[in-house]
Amino acid sequence: MSYVFAPPAVTAVPVTSGGSFPVHRVYCVGRNYADHAVEMGFSGREPPFFFLKPADTVVPVAAGETGQIDYPSLTSNLHHEVELVVAIGRGGSHIRAADAASHIFGYAVGLDMTRRDLQGEMKKQGRPWCIGKAFEQSAPIGPITPLAQTGEMLTGSIQLSVNGTERQQGDVKDLIWSVNETIEQLSIAWTLQPGDLIYTGTPAGVGAVLRGDLLLAQVQGLQPLRVAVR
Ligand code: MN
């Protein structure tokens with residue numbers, strides 16, 4: 001069988017130990033740090049909920065490089081959300097939290113870029129978040145470090161600065177739903193596949209970026225992620 005046009009290229013994220021990680025799906029967890037849930041007007045205690053971004057919204061940034069993203073259309077309030085990203089290496093469904101680590105290939109630093117004004121409007125109207133969350137270049141990610149090198153990442157500082165000024169600061173230990181619990185919940189709703197990325201949520205301090213801004217996203221123990229907005 002021949003395709004009627006060339007299939008799209010596979011999005012692939014560099015791996016620190018060599019090779020690259022082909023992306024299947026991108027899952028995101030909403031409001032997974034209590035202080036961020038509070039800043040968004042919620043109590044910070046609710047079951048986890050998820051949304052997806054298409055694989056081709058991922059912007060892989062190699063070690064030592066600065067990724068470039070274009071300021072997107074339709075918004076005047078583009079927000080940064082720094083997140084620990086979990087890369088799934090072994091698929092499965094109904095994975096128990098106690099077994100979740102054996103499904104993790106590695107970890108990376110990611111940005112869940114958000115058209116906050118559009119997301120807010122969709123929330124108000126009870127409509128899907130896609131237009132606020134799932135736009136092109138909305139999911140920059142740094143290199144993936146294998147779990148074999150990091151061990152299970154249960155704690156570690158997570159932070160984001162814009163033009164050298166700190167905006168977000170937290171610790172992965174403060175996730176409402178831990179990485180392992182997130183994998184358990186997610187794998188009940190969807191069958192996880194090798195190549196899936198999970199953006200695990202952002203701590204407090206989300207805010208707007210402008211054209212010309214330089215973002216530095218960091219999680220302790222992982223390669224930093226630098227992104228410029230143009
Ligand atoms: Mn997020």
Side-chain angles (χ1 to χ4, degrees), residues 23-55 57-59 72 74-75 77-88 93 95 97 100 104 107-141 153-154 158-160 167-192 196-209 215 217 219 225:
V23 179
H24 176 245
R25 288 182 188 161
V26 181
Y27 295 100
C28 302
V29 187
R31 295 194 288 267
N32 204 13
Y33 287 86
D35 55 357
H36 173 62
V38 169
E39 79 178 348
M40 299 304 282
F42 294 85
S43 72
R45 287 289 158 208
E46 58 174 38
F49 69 94
F50 308 104
F51 57 93
L52 287 93
K53 300 192 184 211
T57 63
V58 171
V59 180
L74 295 176
T75 186
N77 198 18
L78 177 66
H79 271 205
H80 54 74
E81 297 190 356
V82 62
E83 313 208 352
L84 171 67
V85 181
V86 177
I88 297 295
S93 69
I95 297 166
I104 298 173
Y107 304 92
V109 182
L111 286 165
D112 167 17
M113 300 304 292
T114 302
R115 294 195 276 212
R116 191 73 72 200
D117 39 5
L118 294 180
Q119 183 203 21
E121 194 55 38
M122 293 302 109
K123 276 186 196 172
K124 218 183 308 172
Q125 297 183 27
R127 291 180 178 173
W129 287 10
C130 309
I131 200 164
K133 285 288 194 182
F135 52 95
E136 282 93 359
Q137 304 181 323
S138 62
I141 187 171
M153 292 192 60
L154 304 173
I158 176 168
Q159 55 204 133
L160 178 111
R167 295 273 193 93
Q168 293 188 262
Q169 167 67 51
D171 195 294
V172 168
K173 73 172 168 28
D174 295 326
L175 282 167
I176 296 171
W177 297 91
S178 71
V179 166
N180 290 343
E181 290 168 334
T182 296
I183 290 172
E184 176 172 297
Q185 297 286 329
L186 196 55
S187 72
I188 294 169
W190 290 275
T191 300
L192 294 182
D196 287 340
L197 296 175
I198 306 169
Y199 283 62
T200 57
T202 197
V206 299
V209 297
L215 285 65
V219 173
L225 167 63

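These values consider heavy atoms only, across backbone and side chains, with no hydrogens, waters or symmetry-generated copies.
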Scanning both residues in full, the closest heavy-atom pair of Val23 with Ala55 reads CG1-CB, 3.8 Å
Quick one: CG on Asn180 to CG on Leu154, what's the gap to the nearest 0.5 Å? 7.0 Å
Would you call Glu81-Lys133 a salt bridge at under 4.0 Å N-O? yes
Please round to the nearest 0.5 Å and tell me the distance separating atom NZ of Lys173 and atom OH of Tyr33. 10.0 Å
Please check if the side chain of Glu39 supplies one atom and the backbone of Gly205 the other of a donor-acceptor pair under 3.5 Å. yes
Sub-3.5 Å donor-acceptor pair from the side chain of Asp196 to the main-chain atoms of Arg25, do we have one? yes
From Ile88 atom CD1 to Ile104 atom CD1, the distance as rounded to the nearest 0.5 Å: 6.0 Å
With distance as the sole test, does Thr191 use its side chain to make a donor-acceptor pair with the main-chain N or O of Ser93 at under 3.5 Å? no
I'd like to know if the side chain of Thr182 reaches the main chain of Ser178, judged simply by a donor and an acceptor atom lying under 3.5 Å from each other, with no hydrogens or angles considered. yes
Counting N and O atoms only, with roles assigned by atom type, does the side chain of Thr200 sit under 3.5 Å from a partner on the main chain of Leu84, one being a donor and the other an acceptor? yes
Between Pro203 and Gly170, the two heavy atoms sitting closest are CB-CA, 4.2 Å
Are Thr57 and Gln137 packed together at the side-chain level, in the sense that at least one heavy-atom pair is separated by less than 4.5 angstrom? no
I'd like to know whether Leu74 forms a side-chain contact (heavy atoms from CB on, under 4.5 Å) with Phe135, so could you lay out the CA-CA distance, the side-chain angles of the two residues, the decisive distance to 0.1 Å, and finally the verdict. CA-CA 11 Å; Leu74 295 176; Phe135 52 95; over 6 Å; no
Start with the C-alpha distance between Val58 and Leu197, add both sets of side-chain angles, then the distance that settles side-chain contact (heavy atoms from CB on, under 4.5 Å), and finish with yes or no. CA-CA 10 Å; Val58 171; Leu197 296 175; 4.2 Å; yes
Nearest 0.5 angstrom please: Ile198 CD1 to Leu186 CG, how far? 5.0 Å
Give me the ring orientation class for Trp190 and Phe50: parallel if the planes are under 30° apart, tilted from 30 to 60°, perpendicular past 60°. perpendicular
Once you round to the nearest 0.5 Å, how far does NZ of Lys53 lie from SG of Cys130? 11.0 Å
Give me the one residue out of Asp112, Leu111, Leu118 that meets side-chain contact (heavy atoms from CB on, under 4.5 Å) with Thr114. Asp112
Do Arg167 side-chain atoms and Ala204 backbone N/O form a donor-acceptor pair below 3.5 Å? no
Measuring from Thr75:OG1 to Glu121:CD, what's the distance to the nearest 0.5 Å? 12.0 Å
Among side-chain atoms of Arg31 and His36, is any donor-acceptor pair under 3.5 angstrom? no
Donor-acceptor under 3.5 Å (Asn32 side chain, Trp177 main chain): yes
Pair Gln159-Val82, side-chain contact (heavy atoms from CB on, under 4.5 Å): steps then yes or no: CA-CA 7 Å; Gln159 55 204 133; Val82 62; over 6 Å; no
Start with the C-alpha distance between Leu78 and Met113, add both sets of side-chain angles, then the distance that settles side-chain contact (heavy atoms from CB on, under 4.5 Å), and finish with yes or no. CA-CA 7 Å; Leu78 177 66; Met113 300 304 292; 3.9 Å; yes
Under 3.5 Å, is there a donor on one side chain and an acceptor on the other for Thr202 and Gln168? yes
Can you tell me if Tyr107 uses its side chain to pair, donor with acceptor, with the backbone of Met153 under 3.5 Å? yes
With His79, which of Arg115, Arg116, Gln119 fulfils side-chain hydrogen bond (donor to acceptor under 3.5 Å, both in side chains)? Arg116
Which pair of heavy atoms, one from Ile141 and one from Tyr199, lies closest together, and at what distance? CB-OH, 3.6 Å
Set of side chain to side chain contact (heavy atoms under 4.5 Å, CB included) partners for Glu136, sequence neighbours left out: none
Look at the side chain of Glu184 and the backbone N and O of Ala97, then say whether any donor-acceptor pair between them is shorter than 3.5 Å. yes
Candidate list Val85, Leu160, Leu225, Ile158, test side-chain contact (heavy atoms from CB on, under 4.5 Å), partner Val109, passing option: Leu225
May I ask you to decide if Ile183's main-chain N or O and Ser187's side chain share a donor-acceptor pair within less than 3.5 Å? yes
Going by the angle between their ring planes, with limits at 30° and 60°, are Phe49 and Trp129 parallel, tilted or perpendicular? perpendicular
Identify, with sequence neighbours excluded, every residue that meets salt bridge (Lys or Arg N to Asp or Glu O under 4.0 Å) alongside Glu181. none
